[in-house]
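Before any comments, here is the structure.
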Amino acid sequence: MEEQQTGALVRRCLAGDAVAWEEIVRLYNRRIYNLCYRFTNSPDDAQDLTQDVFIRVYKTMGSYNLEKGAFTTWLTTLTRNLLVDHFRRSKQDRVTDSIDAGLREEEDSLSLGDRLEDPRPNPDDRLASKETQKMVQMALARISPDLREAVILRDLQDMDYKEIATVLRVPEGTVKSRINRGRMELARLLSRNKRQAGNE
Amino acid sequence: MNKEPQNGMECSEFEALLAEALDDAVAAESRPAFEAHGTSCPVCGPMWQEAREGMLMVRGLAELEPPKNLVHNILAATSRKEATAEQIAEEAKLGWMERLSRSLKPGLGGLMHSRFAMSFAMAFFSLSITLTLAGVKVTDVKNMVEHPSLLRKNVVLGFTNVEAKVTSYYENLRLVYQVQAKVRELKKNTAPAEGSGGENRQQNRKSAPEDGGRPRPNEEYSVERDGSLIAQTFTWHEGARI
């Protein structure tokens, strides 16, 4: 049903309907931003990449074949290609930061207004949850890109194995194997970090 | 990893089903063997536990809210691209003159005014005349632009030509002076033999003040010597006589 609606939007967009294009952007920008953020672990990079993705979509929408596959799969494939390009470009500059450094950055980036407006009642729970989220995100950023993208597409983007195999251009068996390894690696990294945090 | 089947399942089979088992999508007939293997195998049991923990942690990540200006920025960026594409399509339909004038307008709009245009025309005219007089041809310039290595060669060639012309001019001038000097020398040598001529000149000089001090026009004499005719010009000022 959703794909049919998206198909209609794409057709209208190809016919030059600016409203349809705006609707597509509004429908998918959150999904693409999250995918980019979880992969790059940088809000600025995620924002830039999301913009790049939509500019690319806008330019190449004519090449999308409605009958060949779902629009979401096509969009995710395009995003993944840009993420891989970005990863290769930034490979030289990348420095593996510690999880603590990431936590400090997160705390600094929160304004007083944001902290006050946070609806959760218990500040301790909120802090614990935020820290856990940040630790998971940092651990995600530390596993290898092949495993990371498979885990993100499955567990955060909720794509099925077949779609992930199409996006990553690998067999389904490889997708499952990468997802398993990625999850295990994450669990190991997090338990190691918890142990280190307990010793300090 | 153990390759021996435990509870009717190998470790590789267990691993292949791991992802589906975490999604609770293992077929009913495989489930008892899978669970039994996970409980008994010392490798696969912890693997199952770790994969489950990892999955729950990642799935526990909250969805992030994109920046508020993201949609606006995307729409602005794409509409700019659209405007640019339309502009390119429109420009493709125009003639080259219109395209040229449009491209000149942003920076050189003021210079297209008639006063400036006339000044440019005059400057161009002056430059072209100068170049023509200097012997520079448009084809030479074209060749020079196409083959920069010819530039030095052409400059040297031009300089040599000009130098040859100047040298030739001065050589000719020197020859003329030499001939004139020779003529004067001959005249001086022959002057004592022409006594009557000298007396005439003295008489002329003496009679000059009688004309009221007015300078007399040049007088030309023809002196025949050795069968050749030499033209001589006398002026009132001896220093200016050639």
Side-chain angles (χ1 to χ4, degrees), chain A residues 16 18 21-22 24-26 29-34 36-38 43-44 46-48 50-55 57-59 129-130 132-137 139-140 143 148 150-152 154-156 158 160-161 172-173 175-191, chain B residues 1 10-27 30 34 37-38 41 43-86 88-89:
Chain A
W21 168 243
E22 191 176 332
I24 287 175
V25 174
R26 288 192 192 285
N29 79 88
R30 178 190 287 261
R31 181 188 175 90
I32 301 303
Y33 176 79
N34 272 274
C36 293
Y37 177 76
R38 293 302 176 200
D44 292 337
Q47 190 172 352
D48 291 346
T50 308
Q51 276 196 47
D52 291 348
V53 167
F54 279 100
I55 289 170
V57 169
Y58 189 80
K59 284 199 285 192
S129 172
K130 258 195 187 314
T132 309
Q133 296 248 332
K134 195 65 202 169
M135 281 176 82
V136 175
Q137 172 60 41
L140 195 59
I143 64 173
R148 195 191 317 163
V151 170
I152 290 171
R154 177 69 197 133
D155 292 335
L156 293 174
D158 206 23
D160 62 38
Y161 299 113
E172 260 186 68
V175 169
K176 285 176 186 171
S177 164
R178 284 183 186 178
I179 290 169
N180 289 335
R181 279 162 49 210
R183 285 167 174 170
M184 287 190 287
E185 198 137 327
L186 266 174
R188 278 180 216 140
L189 270 170
L190 285 164
S191 69
Chain B
M1 193 174 281
E10 284 183 14
C11 290
S12 57
E13 286 176 83
F14 181 89
E15 198 183 346
L17 286 173
L18 184 58
E20 283 166 357
L22 287 168
D23 294 334
D24 211 11
V26 177
S30 307
F34 181 85
H37 183 91
C41 180
V43 178
C44 295
M47 188 166 77
W48 154 264
Q49 196 61 35
E50 278 181 343
R52 191 169 170 278
E53 273 176 29
M55 181 191 77
L56 291 175
M57 281 173 175
V58 177
R59 288 189 178 178
L61 285 171
E63 196 177 46
L64 296 162
E65 192 64 36
K68 283 172 187 168
N69 58 347
L70 182 62
V71 173
H72 174 264
N73 288 349
I74 291 167
L75 293 175
T78 48
S79 61
R80 263 204 309 277
K81 290 239 175 289
E82 190 175 28
T84 313
E86 279 175 9
I88 290 166

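Here is the naming used below: chain letters follow the sequence lines, and residue numbers restart at 1 for every chain. Model, not experiment: these values are computed from the prediction.
In terms of non-hydrogen atom pairs under 4.5 Å with chain B, the most contact-rich of A:Val151, A:Val136, A:Leu186 is A:Val136. Per-residue heavy-atom pair counts under 4.5 Å with chain A were compared for B:Leu61, B:Asn69, B:Val58, and the maximum is reached by B:Leu61. For the options A:Val175, A:Leu156, A:Ile32, A:Leu140, heavy-atom pairs under 4.5 Å to chain B are most numerous at A:Leu156. When each of B:Leu22, B:Asp23, B:Leu56 is scored by its heavy-atom pairs under 4.5 Å with chain A, the top score falls to B:Asp23. Ranked by heavy-atom pairs shorter than 4.5 Å toward chain B, the options A:Arg38, A:Gln137, A:Arg181 are led by A:Arg38. Heavy-atom pairs under 4.5 Å with chain B peak, among A:Gly182, A:Ser177, A:Ala187, at A:Ala187. Ranked by heavy-atom pairs under 4.5 Å with chain A, the first of B:Met57, B:Glu53, B:Glu63 is B:Glu63.
Judged by distance alone, with hydrogens and angles left aside, the side-chain atoms of A:Asn29 form a donor-acceptor pair with the main-chain N or O of A:Arg26 at under 3.5 Å. A:Asp155 places no side-chain N or O within 3.5 Å of a backbone atom of B:Arg59 that could act as its donor or acceptor partner. A side-chain donor-acceptor contact under 3.5 Å links A:Gln133 to the backbone of B:Gly60.
Using a 4.5 Å cut-off between heavy atoms, A:Ile179 makes no contact with chain B at all. Looking at B:Ala51, the atoms closer than 4.5 Å to chain A (heavy atoms on both sides) sit in the backbone and in the side chain alike. For a residue to count as touching a neighbouring chain, one of its non-hydrogen atoms must lie under 4.5 Å from one of that chain's; by this rule B:Gln49 does not touch chain A.
The shortest heavy-atom contact between A:Tyr33 and A:Ala46 is CE1-CB, 3.7 Å. Nearest heavy atom pair, residue B:Asn73 against residue A:Gln47, reads ND2-NE2, 3.7 Å.
Ring geometry for B:Phe14 against B:His37 counts as tilted: the plane angle lies between 30° and 60°, on a 0 to 90° scale.
Atom CZ of B:Arg52 sits in a sparse spot, with 12 or fewer heavy atoms from other residues, nucleotides or ligands closer than 6.0 Å.
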